[in-house]
Each structure stands twice: as structure tokens, then as C-alpha cells.
Amino acid sequence: MSFALLAILLLSPLVAAPAPEPAADLLLTGGRVWTADPSRPWAEAVGVRGGRVVFVGHDAEAARLKGPKTKTIALRGRLVTPGFEDAHLHLMSGARNLERVDLAEETTLAGLQERIRRFAEANPKSPWVVGRGWVYGSFPGGLPTREQLDAIVPDRPAYMDCYDGHTGWANSKALALAGITKDTKDPVNGVIVRDPKTGEPTGALKEAAGSLVEELIPEPTAERHYALLLQALALLNGKGITAVQDAGWDAEEVARFLPLLEKARAEGKLTVRTRLTVSVSPGDPATGLAEAVRLRDRYRDGAIAFGGVKGYVDGVIEAHTAAMLAPYSDEPALGAGTPRWEQAALDRAVAGADKAGLQVWLHAIGDRGIRMALDAYETAAKQNGPRDRRHRVEHVEAIAAADAPRFAALGAVASMQPLHANPDQNNETVWSRNVGPERASRGFAWRLIEQAGGSLAFGSDWPVVTPDVLRGLYCAVARKTREGKPPGGWQPQLAVSVDSALRHYTVDAAWAGFGETERGSIRVGKRADLVVLSRDVLSAPPEEILQTRVLLTLFEGRPVWRDPSFE
């Protein structure tokens, strides 16, 4: 054997030996890891380094990544999922709501009045009493009156926003400050509800009419807003949420709130990824489109990103402002609701946004509104040619059967909020009554859209409803209230499986926000945004979802929420 050959043989093992893999910063072991990754749906362990997932697999294999500085969390069989993503909320509205009277899930007028009274007594120096969260079914006839609010807050202006944000409830002092009398004309896209006998304003303000009062309510200082933002981020982390998609900022909100997000990011306190949209209006869509392009080019990715525009095609079913294909069933004389856009104008605005490469979000609740949105997307695709659009219809509450398959055909996203379908008394006595049984049979038709191959993304619309993902998950699966009503669920044929619902809150929501390469599933290379749950919701009965707690939330591998009971 020659000396050269001998040298090669002796050195070859040294040359072929791979370099040892660096140790992980964090190992989660001994769990049931639901990855949302079809190539490896389940695992036992996850390794994290530098804020990203570096290992997904068995415990035995994970041991090779353990070093002297590696932190290990023993899961003891608990479920791990990707961090939850809320695909539709209003971050700063939710933050502001944290210092207002919370009327959510109170279903009686007496209960609402008591909450408001206690809040007013606890805040005697506040110049206004402001709150949010009432539902239409709490009031005889479905709408509140100023006298009901005057009875508990007679000394200063008071204003309570409905849970859906589309109807306001003002007392007499608030109406007087706003100059709203029987002679005040309805604003564009708004209705001042009036007494049919006297013509006097009743205190209920639909859609844009609410802004007549809202613009008078004092805003918190920038410092107070920042503190509320940090509270909101902590609240979301406590629900397992690590990413959100915000449904529309106008120019004033961009100027006021974007610096707060930038400050939180600079201080390492932005523990929720935010994808933001810019509002567009029928009167001047070009301004919103230009602002969206400017912000998209400046904030393309990372913890703060812009990429779309948001517009309203219609209102809501409870207030008879959603655009329907046929008149409302409870009061046909009210008609079928009026869209906020003419179809031709909507088509032009959507096509312009589409040509600029923007994602379009259209709020559309009634079957006519949904059809208008889908028609606009179809027109844009024909005009501008193929591309990866992922345009979205927000809410999709009452869809015509013929339109369900169009989501798949157009590559559009049905962005829906399971708790909007909570079958409480508001649903029973107002929503379902207004649309009638035939249209109610397709109410919040998650399963129908799924079966037709459409893409769904789930969110909360917070502060419209709680951002609690587990509550939403239960409603998506059971279509029941927390009390288990109605037996068998409301329109149970439209429910989805736990696996599907989890996907709509994780990988599907990330896809809807063009974030699937970075988040949404537990896969090597992705951000280590993870959630540990107290129960395996995928194998337990649906009712146990309500007893499940978020034990740990990781944002880029660092704990941003930990339940005190979790060690």
C-alpha cells in the first residue's frame, strides 16, 4: 500500500465526520406535539435555538441537543400546538376597552344597568361613562333607549357601544352634546333611530351615526394608550395568541398607534406579531390605497407588517343593515338592507388594490354583501391576471348556498369568528329571527365552505367578543353556549372538527396573512411560537375544551405567559 493511499484512509474518517450540532436553548420533552405539519403531524419533543424551531421528533433523538445551558421543560404528556393566531381583531380598540365598562355576555337590561351603575360610581371624576359589549336581545324590541341609560347615568354623558360595534347607545346628555335632535339629518351610512310618534332620537345610533357621539369622547394620552397596549398584549399571550391580524386602521389611527407598536418592538415588549390593514371608504378609496402601499413597502415583514386594505360592503343583521338578497324576515317592510358601495365602484376599488399587489379584506355579512365581495374579486382576477391574492371576506354570516363553492374557485379566504355564532338569546331572538329559518340554516356555514374546498381563517373580532381561542374552539366544534345549549347544538351540520378548528386558528390563519413560511405550524426553521395546554383537546370530549387552560405561551422560544400551576 502506498504512503499516499494510507494517508487518505487514515484521514478520511476525520474528513467525513460531521460537525456536532449546537445545543438547543430550550427543549420541550415528553409531550403530545400537534404540529399542523402534514409531513409529521405528531411528535414528542421540540428543540428551540435562537428563537426558531431546530428539532421536532422523538424524545430519544432530542437528547443529543441537550447541553450544559439547555433549559428543559418536561411536558408530562400535555398537548403542544403552534401559537394561536387571531385572524381578525381590533387591537387598539380592544386595548382601549380595558379601561371601559365591560358589558360582554350580560344578557338582561337590569344586568347591563347594574354594571354601568357600578362603573359610574367607581369612576366619579370621569367626564364620560363609556362601555361596550351589549347585545340586541337584552332590550325589548332589540334596541336600547336613552331613558334606560339616563336612569343610571343622569349627571354626565354616557355612551355604550354594541358588541358588534355597529350600533351605539347614548344617554340624553351625550345626544345633547352631539347636537342630535329630531331635526338632525342621518349621516351617510348611518341611522339616528327615532321615536315613530314624536320623531325624537331614541338614543340608538346605527352605523355611522354613532360617530356623531364617539368623536366627542376624550381619548387617552399616548402614555395611557401605551400602557393599555401592553395590557392587551399580555391578555392575548394569556390566551395562547402569538400573532394577530388587525382589521383596518384609518390615517388618524396610523399616526396615533403605529409609534406605540414601534416603541413596544424597540423595547422587546411586542410579544404578538401584528399584521395590519388600512381602511378604505367608498367616498375616497384612492387615499386609503396609497397609504396602504406606502406602509406595505415600509413594513413588509417582521413583528409589524402591513399588506392589505379593509372596506365595509354592508353592516350587520341585528340592525337590519347587512345587505341581503331578499327582505328581512321579521320586518319585510324594512327591505333587504343597503350596501355601502355600488357594485361598479367596489369593482374599481378592488381591482386597483389588486393591481397594486395588496390583499383586500371586505366586511360582508349578508348574502348580498358576500356575493358583491366575491363578484369584485372575480372581476379583479379577470382584469389583472393570475397571482397569489388571498383576498378575504370578513364574517360571512349568512351566505347563499350557491356562493359557498366560490371561495375555493377564487382562492379567497372566509375569515370567520366562531363566537359570533354563539347560540345565545341574541342569536335566537334577534339574528335568527331577522333572517328567518331558511337563511339561518346556513348561518356561519364553516362546514359548508370547508366541504367545498374553501379556505377558512378563524379569529375573534375582539373587542366584539372575547379573544379566548378555547371558547371559540368549543363553539366551532359544538355550536353550543358555555351552558351546553341548545342540546345537540345550533345548526350542528355546520360544525367543524377539533382538528379543523385548530388549523383555522393556526396554520390556516397564518396562510391568510401570508405568514405560513414563518409561523402557523411546528416545523424546523419556523419561529418558535408555541402553546402548552392543560388537556388534549383533540382526544377529549368537546365539553372538556371549556375546562382547558393555557399553561405556557412561548414567543420566539421565550415564555410570555405561564400559568402559576405549571412548573
How about Leu289 and Val280: do any of their side-chain heavy atoms sit closer than 4.5 Å? yes
Using side-chain heavy atoms (C-beta onward) and a distance below 4.5 Å, is Arg392 in contact with Val360? no
Steps toward ring-ring contact (aromatic ring centres under 6.0 Å, His included) verdict (Trp169, Phe139): CA-CA 11 Å; Trp169 174 22; Phe139 301 94; 5.0 Å; yes
Inspect the contact between Glu44 and Arg32 and indicate whether a charged nitrogen and a carboxylate oxygen are less than 4.0 angstrom apart. no
Flag the pair Asp508 / Leu456 as yes when at least one side-chain heavy-atom distance between them is below 4.5 Å, and no otherwise. no
Who pairs with Tyr163 by ring-ring contact (aromatic ring centres under 6.0 Å, His included), at least two apart in sequence or on another chain? none
Parallel, tilted or perpendicular: which fits the ring planes of His88 and His90, with parallel below 30° and perpendicular above 60°? perpendicular
Between Asn237 and Thr271, is a side chain to side chain donor-acceptor pair (under 3.5 Å) present by the stated rule, with each step listed? CA-CA 7 Å; Asn237 290 155; Thr271 55; 2.6 Å; yes
Do the non-hydrogen side-chain atoms of Ile449 and Val396 ever get within less than 4.5 Å of each other? yes
Shortest non-hydrogen separation from Val435 to Ala440 and the atoms involved: CG2-N, 3.8 Å
Answer with yes or no whether the side chains of Arg40 and Thr35 bring together a donor and an acceptor at under 3.5 Å. no
Establish, from distance only, whether the side-chain atoms of Lys206 and Thr321 form a donor-acceptor pair under 3.5 Å. no
Rounded at 0.5 Å granularity, tell me how far NZ in Lys239 sits from CZ in Phe84. 11.5 Å
Taking only residues at least two apart or on different chains, which pairs with a member in residues 507-539 satisfy ring-ring contact (aromatic ring centres under 6.0 Å, His included)? none
Which is it for Phe444 and Gln417 under the side-chain contact (heavy atoms from CB on, under 4.5 Å) test, yes or no, and what are the steps along the way? CA-CA 9 Å; Phe444 307 91; Gln417 301 73 44; over 6 Å; no
If the condition is salt bridge (charged side-chain N to carboxylate O under 4.0 Å, His left out), which residues does Arg479 pass it with, not counting sequence neighbours? none
Quick check for you: to the nearest 0.5 Å, what is the distance between Ser497 atom OG and Trp446 atom CH2? 12.5 Å
So, do Asp246 and Thr274 sit near enough that their side-chain heavy atoms are less than 4.5 Å apart? no
Give a yes or no on whether the backbone of Ala36 and the side-chain of Ser521 come within a donor-acceptor separation of less than 3.5 Å. no
Presence of salt bridge, Glu291 and Arg296, under 4.0 angstrom: no
Please enumerate all residues that pass side chain to side chain donor-acceptor pair (under 3.5 Å) together with Asp354, with sequence neighbours excluded. Asn384, Arg387, Arg389, His391
Do Asn427 and Ser432 get their side chains close enough for a donor-acceptor pair, meaning under 3.5 Å? yes
The salt bridge (charged side-chain N to carboxylate O under 4.0 Å, His left out) partners of Asp529 (sequence neighbours excluded) come to Arg273
Any Lys/Arg nitrogen of Arg519 or Glu85 sitting under 4.0 Å from an Asp/Glu carboxylate oxygen of the other? yes
Got a sec, which pairs hit ring-ring contact (aromatic ring centres under 6.0 Å, His included) with one end in residues 518-545, sequence neighbours left out? none
Between the CG atom in Asp461 and the CG atom in Asp164, the distance rounded to the nearest 0.5 Å is 8.5 Å
Spacing of Arg535 atom CZ and Thr548 atom OG1 [to the nearest 0.5 Å]: 5.5 Å
Here the salt bridge (charged side-chain N to carboxylate O under 4.0 Å, His left out) pairs for residues 332-352, sequence neighbours left out, are Glu207-Arg340
Find the distance between OG1 (Thr107) and CG (Asn426) and round it off to the nearest 0.5 Å. 10.0 Å
Leu473 and Ala501: which non-hydrogen atoms are nearest, and at how many Å? CD1-CB, 3.3 Å
Applying side-chain contact (heavy atoms from CB on, under 4.5 Å), run through Gln493 and Arg447 and close with a yes or a no. CA-CA 7 Å; Gln493 75 279 4; Arg447 181 68 173 160; over 6 Å; no
Donor-acceptor pair between Asp424 and Thr481 side chains, under 3.5 angstrom: no
Arg439 meets the salt bridge (charged side-chain N to carboxylate O under 4.0 Å, His left out) criterion, sequence neighbours left out, with none
Taking atom types as modelled, is there a side-chain donor on Ser281 or Asp284 under 3.5 Å from an acceptor on the other? no
Of all pairs that satisfy ring-ring contact (aromatic ring centres under 6.0 Å, His included), the ones with a partner from residues 286-305, not counting sequence neighbours: Tyr299-Phe306
Test salt bridge (charged side-chain N to carboxylate O under 4.0 Å, His left out) applied to Glu483 - qualifying residues, sequence neighbours left out: none
Between Ile522 and Leu530, is any pair of side-chain heavy atoms under 4.5 Å apart? yes
Would the distance check show the side chain of Thr277 and the main-chain N or O of Gly248 forming a donor-acceptor pair, the cut-off being under 3.5 Å? yes
So, do Glu543 and Leu546 sit near enough that their side-chain heavy atoms are less than 4.5 Å apart? no
Spacing of Leu470 atom CG and Cys475 atom SG [to the nearest 0.5 Å]: 13.0 Å
Restricting to pairs with a member in residues 356-376, which pass side chain to side chain donor-acceptor pair (under 3.5 Å), not counting sequence neighbours? Arg275-Gln359, Gln359-Trp361, His363-His395, Arg371-Asp403, Asp375-Arg406
Across all chains, not counting sequence neighbours, the ring-ring contact (aromatic ring centres under 6.0 Å, His included) partners of Tyr136 are Trp134
Please find the pair of heavy atoms, one from Gly454 and one from Phe407, that lie closest to each other, and give the distance. CA-CB, 4.3 Å
State whether the number of non-hydrogen atoms from other residues, nucleotides or ligands found under 6.0 Å of Glu428 atom CD is greater than 12. no
Do the charged groups of Asp297 and Arg300 touch, with an N to O distance under 4.0 Å? yes
Glu318 and His166 side chains, donor-acceptor separation under 3.5 Å: no
Could you tell me if Asp86 and Ser460 have a donor-acceptor pair between their side chains, going purely by distance under 3.5 Å? yes
Side-chain heavy-atom pair Glu106, Ser138 within 4.5 angstrom cut-off: no
State, without any angle test, whether Asp330 and His320 hold a side-chain donor-acceptor pair at a distance under 3.5 Å. yes
Inspect the surroundings of CZ in Arg390 and state if more than 12 heavy atoms from other residues, nucleotides or ligands are less than 6.0 Å away. yes
side-chain contact (heavy atoms from CB on, under 4.5 Å) between Asn422 and Val465, intermediate numbers included: CA-CA 10 Å; Asn422 188 37; Val465 298; over 6 Å; no
Any luck finding a side-chain donor-acceptor pair between Asp499 and Trp34 under 3.5 Å? yes
